[in-house]
Amino acid sequence: MTKVVVTGGAGFIGSHVVDRLLEVEFEIVVLDNFSTGRPENLEHQKGNELLSLHQVDIADYDKIEPLFSGADWVIHLAALADIVPSIQHPFPYHHSNVDGTICVLEAARKHDIKRFIYAGSSSCYGIPDKYPTSETAEIRPQYPYALAKNIAEQYVMHWGQVYELPVISLRMFNVYGTRSRTSGTYGAVFGVFLAQKLAGKPYTVVGDGNQTRDFTYVTDVADAFIKSAQSDLTQEIINIGSGGTYSINRLVELLGGDVIHVPKRPGEPDCTFADMHKARELLQWQPKVSFEEGVELILENIEYWKEAPVWDKSSIDVATKDWFKYLGE
Ligand code: UDP
């Protein structure tokens, strides 16, 4: 039986990857320190003998290394996310996302892992010159989270080059879906808007709302991880997007409700849009869930966000103060 280590497996994307792997009856070892992941995300799998869940920090090599014994694949998703806290506290971001990745790579190398899939981030493109943006676009991280995810990706590729670890990095674009994080920090737009919808408050639209994002549904992303692990590819960096790009105003239209505007933030692209040629050609993968279907699926599960903080203009002003301070002109 195929044994898979999933770091960050109790997180938003990780828990969907775990669900998909359990559908095909693989043995799964989840490593998660629950810093942003939540055991509730895997609650529905409780009692499944194919799943073991270990509360452990990936940067603790001695603790994680034995858990890789006998594993075939590693899917490495554990990381700290979010822009503002990465600007305020760059060190933990480096520690978890870079040092943590080296620990996972070393454990994978020690146990002769057959496939290593890294959760890369499209934030490495910053504000790109070209849309759709291909994997060869210049690397322009705008804040420490993007930098750390990119440095870790370089380590992953380097372990492929030097140690012949069979590595792939999937650079994900604006992943959304059920179980997207609900921790306290001001973060991804879906969590912000859904909590506002539940509270009957206006959506805090950044700028004029015409900016677009390549919103990619989480179960499609989970499939991309599994297809990558099943492929023979190695040393490849592949964009994972939805095939389209959708405005914030369109999102508001689908969710329904009033809006209030907050200032455009420095360093933010007006568009994210993945060039998907590599994904289609190398992985034979393409997304199945349209933006409209994805938003509907989320709305069916909106209760998940009932404990999420409800942001308004003034709390956003406070939360993004350092963003403007450090990234502004
Ligand atoms: N956004 C918004 N209101 C918010 C938070 C975000 O209109 O309260 C917009 C933001 O300007 C961006 C999009 O939603 O265009 C996605 O933002 P998110 O932070 O989720 O992702 P990123 O900007 O990192 O792609």
Side-chain angles (χ1 to χ4, degrees), residues 8 10-17 19 34-44 77 81-85 123 145 172-222 241-242 244-265 268 272 287 289-320 323:
F12 160 44
I13 302 170
S15 63
H16 284 279
V17 170
D19 283 345
F34 303 133
S35 66
T36 54
R38 302 154 51 128
E40 297 93 291
N41 286 341
L42 291 173
E43 189 67 27
H44 57 286
L77 291 138
D82 288 327
I83 298 171
V84 182
S123 60
Y145 163 75
M172 295 177 275
F173 282 67
N174 295 83
V175 185
Y176 73 107
T178 54
R179 302 179 213 148
S180 75
R181 213 190 34 102
T182 50
S183 71
T185 16
Y186 177 63
V189 65
F190 268 90
V192 175
F193 282 9
L194 293 168
Q196 289 165 342
K197 183 177 173 69
L198 279 171
K201 301 281 185 209
Y203 305 119
T204 50
V205 170
V206 167
D208 62 9
N210 286 325
Q211 70 272 31
T212 64
R213 289 293 180 272
D214 191 337
F215 288 115
T216 311
Y217 198 70
V218 67
T219 50
D220 282 331
V221 171
S242 69
T245 184
Y246 309 91
S247 73
I248 298 310
N249 292 333
R250 174 70 182 139
L251 172 58
V252 166
E253 207 176 284
L254 293 171
L255 294 176
D258 296 336
V259 305
I260 181 173
H261 292 270
V262 297
K264 189 172 181 315
R265 300 154 329 182
E268 263 205 313
T272 65
V289 182
S290 71
F291 187 49
E292 289 73 17
E293 286 165 345
V295 172
E296 212 173 298
L297 285 168
I298 273 218
L299 286 175
E300 283 166 17
N301 291 282
I302 194 166
E303 287 303 305
Y304 183 89
W305 284 272
K306 66 178 186 298
E307 268 137 47
V310 181
W311 295 93
D312 62 20
K313 202 172 183 327
S314 62
S315 59
I316 290 174
D317 275 352
V318 175
T320 55
W323 190 332

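Quick caveat: nothing in here was measured; it's all calculated off a predicted structure.
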**Message:** Does either side chain, that of Thr185 or that of Asp82, offer a donor lying less than 3.5 Å from an acceptor on the other one?
**Reply:** yes
Return all side-chain donor-acceptor pairs below 3.5 angstrom for residues 252-261, not counting sequence neighbours, or 'none' if the list is empty.
{"residue": "Glu253", "atom": "OE2", "partner": "Arg250", "partner atom": "NH1", "Å": "2.7"}
{"residue": "His261", "atom": "ND1", "partner": "Gly207", "partner atom": "O", "Å": "2.7"}

**Request:** Check for a donor-acceptor pair, side chain of Asp214 on one end and backbone N or O of Thr272 on the other, with a separation under 3.5 Å.
**Result:** no
**Prompt:** Side chain of Gln196, backbone of Trp311: donor and acceptor closer than 3.5 Å?
**Reply:** yes
**Item:** Passing option when Tyr176 is tested against Phe193, Tyr246, Phe190 for ring-ring contact (aromatic ring centres under 6.0 Å, His included)
**Value:** Phe190
**Request:** Kindly indicate whether the side chain of Val206, heavy atoms from C-beta on, has any atom under 4.5 Å from the side chain of Arg265.
**Result:** yes
**Passing candidate, side-chain contact (heavy atoms from CB on, under 4.5 Å) with Asn41, options Tyr304, Phe34, Phe12** = Tyr304
**Request:** Indicate yes or no for a side-chain donor-acceptor contact from Glu300 to the backbone of Ile298 under 3.5 Å, with no hydrogens or angles considered.
**Result:** no
**Prompt:** Are more than 12 heavy atoms from other residues, nucleotides or ligands located less than 6.0 Å from atom CD of Glu292?
**Reply:** yes
**Item:** Verdict with supporting geometry, Val295 and Phe215, side chain to side chain contact (heavy atoms under 4.5 Å, CB included)
**Value:** CA-CA 10 Å; Val295 172; Phe215 288 115; over 6 Å; no
**Request:** Answer yes or no: is there a donor N or O on one side and an acceptor on the other, between the side chain of Asn249 and the main chain of Asp208, under 3.5 Å?
**Result:** yes
**Request:** Determine yes or no for a side-chain-to-main-chain donor-acceptor pair under 3.5 angstrom, with His16 supplying the side chain and Thr178 the backbone.
**Result:** yes
**Message:** Quick one, Leu194 and Leu299 - any side-chain contact, counting heavy atoms below 4.5 Å?
**Reply:** yes
